[in-house]
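Working notes, structure below.
Residue numbers run from 1 in the order of the sequence given.
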Amino acid sequence: MRPFYVTTPIYYVNARPHIGHSYTTVVCDVLARYRRLTGAPVHFLTGTDEHGQKIERAAAERGLQPIELADEVVAEFDAMWAKLGVAPDDFIRTTEHRHRLGVEEMIRRIDAAGDLYVGRHDGWYCTSCELFYTEKELEDDKRCPIHDEEAEWRSEDNVFFRLSKYEQPLLSWLRDHPEAVRPESRYNEVKSFIEGGLRDLSVSRAGLQWGIPFPEHDGQAVYVWLDALTNYVSALGFGRAAPEDVLWQRFWADDEAEVVHVVGKDILRFHTIYWPAFLMSAGLPLPSTVWVHGWWLKDEHKVSKSKGNIVQLDGLIEQFGADAVRYFLLRDMVFGQDAAFSDEAFIDRYNSELANGLGNTVSRLVTLSRRAFDGRTPPIACDDNQLIARAAEAVDAYHAAMGRLQFDRALRAVSGLVSEVNQYLVEREPWKLLKAEESRESLSRVLWNGLEAVRIAVSCLLPVMPRVSATVLAAIGAGGTTSFEHQRWGALEVGTELPETGPLFPRIDKEGEEEETDPMISIDQFFETRLRVATVKTAESIPKSDKLLKLGVSLGDEERTLVAGIAQQYAPEDLVGKQVVIVANLQPVKLMGVESQGMVLAASVEGEPVLLHPGDAVPDGTPVR
Ligand code: MSP
């Protein structure tokens with residue numbers, strides 16, 4: 001199977017990790033896990049971009065050395081990835097020696113190709129982008145189009161890279177590799193940008209202290225983007241004549257390797273023009289695909305430190321768990337487009353698809369199976385039912401979407417399958433089959449089918465919700481599902497033990513209060529309870545009880561005796577003549593020697609009953625629904 005190398009951008013160390021960084025990184029983690037489940041060798045890289053004037057300034061503002069700031073923020077990124085269940089194979093920092101070796105080797109090769117020269121550089125510079133702009137590209141008041149900050153005029157001697165020489169080679173590369181930049185809209189954007197003409201690029205900065213010294217050019221430091229982009233190869237051992245270069249061979253140099261960079265649209269040009277041009281010049285293979293996603297917005301602006309509208313995920317992770325946050329990030333953003341973040345959207349998605357959808361379906365199936373089959377999965381499997389085709393369709397749709405990074409669709413297919421299972425249970429009503437011995441066989445089939453379809457659905461969730469999926473699989477007796485090979489119908493073992501598990505996703509209301517996970521019932525189940533209006537004809541206290549009253553009620557054609565725990569709130573004489581709502585088909589019980597033939601409904605205000613009365617007088621016996 002093709003080796004798969006996936007990278008996040010390396011993040012600047014002037015900002016704490018927020019939803020934007022987390023999104024890209026979770027996407028890469030999901031891709032890495034997904035590919036591993038298909039059996040491919042995978043290498044997943046993330047890291048930090050620590051050089052440049054921007055970092056130098058941010059550190060100075062806090063009275064720190066740049067490396068002190070970097071160390072502090074790196075620890076935060078590390079902690080965030082651990083919290084989010086992100087497990088990279090490597091974390092590269094541009095201040096590491098191994099990286100410097102890679103950058104020096106890159107420059108040596110580009111120079112050997114005759115692509116470097118010294119020239120004068122005048123232009124408008126945005127420090128946040130670390131990029132020169134032409135006057136035309138700037139907004140009003142010479143503001144940067146990305147950061148809305150004022151650009152500064154700079155004029156200095158720099159080392160230039162002959163980017164213009166790569167105009168045609170880049171266009172040929174794009175023509176021959178339609179998958180080089182995805183989604184297609186971004187491919188078209190890059191192509192027309194190149195067609196508009198490329199100017200040579202200044203790849204050094206004069207007087208920059210906090211950077212890698214430019215080889216052979218005293219007083220110049222390597223331009224941060226040439227420095228930063230090289231991380232993708234330096235992390236694999238490029239530039240080091242060391243035996244561990246096997247990573248380099250396997251995940252980059254080898255034709256077989258599939259190299260995927262995931263980036264936000266803000267850094268599209270760096271990855272689809274500069275980076276491939278540097279690689280061409282250095283005589284190195286190009287990445288297979290640069291996947292470009294949109295922005296998380298808050299109040300219609302890109303979430304970013306410079307906008308001051310940061311969304312941090314720590315709180316959500318603490319309250320709902322990392323897996324729910326990962327699910328939301330992938331489910332609520334159409335990869336490639338922008339998405340608006342809100343707590344409400346998070347809670348709605350969580351309640352509908354995780355708590356009520358997956359959580360409830362699993363708990364229903366497991367509870368019924370445990371009860372009916374002595375704590376085990378059902379004893380009889382089934383290979384002929386409507387869920388088999390549904391599951392196969394969902395798995396196909398899921399893989400097709402995952403291959404195109406359409407995570408929202410992939411998860412919709414999975415959540416659709418879970419809903420089908422729920423619907424199937426509502427139709428088959430296994431809870432009705434619990435008691436009768438002659439229904440055991442059909443009960444076994446229904447529950448086994450439900451569990452098997454859930455098993456297949458949850459196997460699709462393994463890359464997205466690694467911890468919860470593993471818990472669910474163990475809870476349904478399928479803990480051994482560790483690869484996509486197990487996605488075919490029929491693998492769930494019969495009669496295997498079902499361990500006890502707590503609730504998976506406690507339901508949350510919008511104020512953030514946890515609720516018990518209520519199992520959903522069908523309308524038919526609701527109508528199994530017969531509610532009727534009745535008039536209280538007599539009311540008296542029950543001797544030796546200070547809580548209970550004995551009520552005589554009329555249902556029109558029938559009189560009933562009820563015992564109600566309302567003596568402390570209601571005087572008997574106040575009740576006579578009042579209409580109340582009763583449960584008319586409750587099995588009679590004896591309370592303090594009196595048979596109660598139904599139950600009076602009351603709202604329960606912190607345990608205190610408040611009787612329900614119809615708003616208008618209605619005939620006794622009127623059904624309530
Ligand atoms: N250091 C450069 C990248 C160098 S890669 C060789 C950089 N760093 S950054 O810290 O600004 O991170 C940029 C990346 O973070 C974006 O490309 C994107 O992946 C992610 N995001 C930051 N804010 C974002 C949103 N509001 N929404 C989604 N992702 C965004 O640029």
Side-chain angles (χ1 to χ4, degrees), residues 3 5 7 9-10 43 45 47 49 51 92 94 96-119 130 158-174 176-177 180-181 190 194 198-205 211-217 220-242 244-261 263 267 269-290:
Y5 180 38
T7 69
I10 49 173
H43 194 71
L45 175 72
D49 187 354
H51 289 133
I92 186 144
T94 54
E96 287 176 80
H97 184 62
R98 59 171 174 156
H99 175 67
R100 180 171 174 158
L101 293 178
V103 172
E104 287 170 353
E105 174 64 8
M106 191 68 137
I107 291 175
R108 201 189 57 71
R109 286 180 173 236
I110 293 177
D111 198 20
D115 286 337
L116 296 181
Y117 65 94
V118 175
E130 301 277 14
N158 284 163
V159 183
F160 277 80
F161 169 67
R162 292 187 202 284
L163 182 62
S164 55
K165 176 175 149 187
Y166 291 94
E167 226 173 82
Q168 285 316 313
L170 284 169
L171 287 172
S172 317
W173 170 59
L174 287 177
D176 297 344
H177 299 89
V181 183
V190 172
I194 303 173
L198 295 177
R199 285 176 299 136
D200 288 351
L201 176 73
S202 135
V203 289
S204 77
R205 293 290 176 270
I212 297 176
F214 205 103
E216 318 282 335
H217 293 270
Q220 300 275 343
V222 179
Y223 168 50
V224 279
W225 273 99
L226 172 54
D227 174 343
L229 288 161
T230 304
N231 90 88
Y232 300 131
V233 293
S234 65
L236 295 178
F238 172 73
R240 257 182 308 169
E244 60 265 33
D245 289 0
V246 48
L247 281 180
W248 164 250
Q249 281 306 326
R250 190 174 197 198
F251 290 104
W252 198 290
D254 193 331
D255 282 351
E256 268 287 289
E258 183 178 353
V259 176
V260 165
H261 299 310
V263 301
I267 52 176
R269 281 185 210 167
F270 300 100
H271 283 84
T272 54
I273 300 176
Y274 299 175
W275 179 229
F278 294 153
L279 289 167
M280 283 178 187
S281 170
L284 297 173
L286 304 193
S288 318
T289 308
V290 178

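- Across all non-hydrogen atoms, the minimal contact from Pro276 to Trp173 is CG-CZ3, 3.6 Å.
- Contact between Tyr223 and Glu130 at its shortest, heavy atoms only, is OH-O, 2.8 Å.
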List the steps and the verdict of side-chain contact (heavy atoms from CB on, under 4.5 Å) for Glu105 and Leu101.
CA-CA 6 Å; Glu105 174 64 8; Leu101 293 178; over 6 Å; no

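- In terms of heavy atoms, Leu198 sits closest to Glu167 at N-OE2, 2.8 Å.
- Side-chain contact between Ile194 and Leu174 is present, with at least one heavy-atom pair separated by less than 4.5 Å.
- Note: His217 and Phe214 have perpendicular aromatic rings, judged against thresholds of 30 and 60 degrees for the angle between ring planes.
- Asp200 is listed as a side-chain neighbour of Tyr117, based on a closest heavy-atom distance under 4.5 Å.
- The side-chain heavy atoms of Arg240 and Trp248, taken from C-beta on, include no pair separated by under 4.5 Å.
- Counting only distance, with no hydrogens or angles, the side chain of Ser172 and the backbone of Gln168 share a donor-acceptor pair below 3.5 Å.
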Pair Leu284, Arg109 - check side-chain contact (heavy atoms from CB on, under 4.5 Å), show working.
CA-CA 10 Å; Leu284 297 173; Arg109 286 180 173 236; 3.5 Å; yes

Start with the C-alpha gap between Val290 and Val190, add the side-chain angles, then the distance that decides, and say whether side-chain contact (heavy atoms from CB on, under 4.5 Å) holds.
CA-CA 11 Å; Val290 178; Val190 172; over 6 Å; no

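- Not counting sequence neighbours, the partners of Glu104 by the side-chain hydrogen bond (donor to acceptor under 3.5 Å, both in side chains) test are Arg100.
- Distance check: Trp275 CH2 to Ile273 CD1 gives 15.0 Å after rounding to the nearest 0.5 Å.
- Listed here is the closest heavy atom pair of Leu279 and Pro285: CD1-O, 3.8 Å.
- Rounding to the nearest 0.5 angstrom, the gap separating the CD1 atom in Ile107 from the CD atom in Glu216 is 10.0 Å.
- The nearest pair of heavy atoms linking Ser234 to Arg98 is CB-O, 3.9 Å.
- No donor-acceptor distance shorter than 3.5 angstrom exists from the side chain of Asp254 to the backbone of Gln249, with no hydrogens or angles considered.
- Nearest heavy atom pair, residue Ser281 against residue Ala113, reads O-CB, 3.5 Å.
- A donor-acceptor pair is defined here as one N or O able to donate and one able to accept, closer than 3.5 Å; no such pair exists between the side chain of Ser288 and the backbone of Glu258.
- Within a 6.0 Å sphere centred on CZ of Arg269, heavy atoms belonging to other residues, nucleotides or ligands number 12 at most.
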Donor-acceptor pairs under 3.5 Å, side chain of residues 225-233 to any protein atom, not counting sequence neighbours: which ones?
| unit_1 | atom_1 | unit_2 | atom_2 | d |
| --- | --- | --- | --- | --- |
| Trp225 | NE1 | Cys129 | O | 3.2 |
| Asp227 | OD1 | His99 | NE2 | 2.7 |
| Asp227 | OD2 | His51 | ND1 | 2.7 |
| Thr230 | OG1 | Leu226 | O | 2.7 |
| Asn231 | ND2 | Ala228 | O | 2.7 |
| Tyr232 | OH | His271 | NE2 | 2.7 |

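- Every residue two or more places apart in sequence or in another chain was checked for a side-chain hydrogen bond (donor to acceptor under 3.5 Å, both in side chains) with Thr272, and none qualifies.
- For His43, the ring pair (Phe, Tyr, Trp, His ring centres under 6.0 Å) criterion is met by Tyr5, Phe251, not counting sequence neighbours.
- The side-chain hydrogen bond (donor to acceptor under 3.5 Å, both in side chains) test applied to Asp111 returns no partner, not counting sequence neighbours.
- Separating the CG atom in Leu170 from the NZ atom in Lys165 is a distance of 12.0 Å, to the nearest 0.5 Å.
- Rounded to the nearest 0.5 angstrom, Phe161 CZ and Leu116 CG are separated by 7.5 Å.
- Qualifying side-chain hydrogen bond (donor to acceptor under 3.5 Å, both in side chains) partners for Tyr166, counting only residues two or more places apart in sequence or in other chains: Asp115.
- In this structure, CZ on Arg205 lies 5.5 Å from CG on Asn158, to the nearest 0.5 angstrom.
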Would Leu201 and Phe278 satisfy side-chain contact (heavy atoms from CB on, under 4.5 Å), going step by step from the backbone distance to the final call?
CA-CA 11 Å; Leu201 176 73; Phe278 294 153; 3.9 Å; yes

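- For the atom pair CD (Glu96) and OG1 (Thr94), the distance works out to 8.5 Å, reported to the nearest 0.5 Å.
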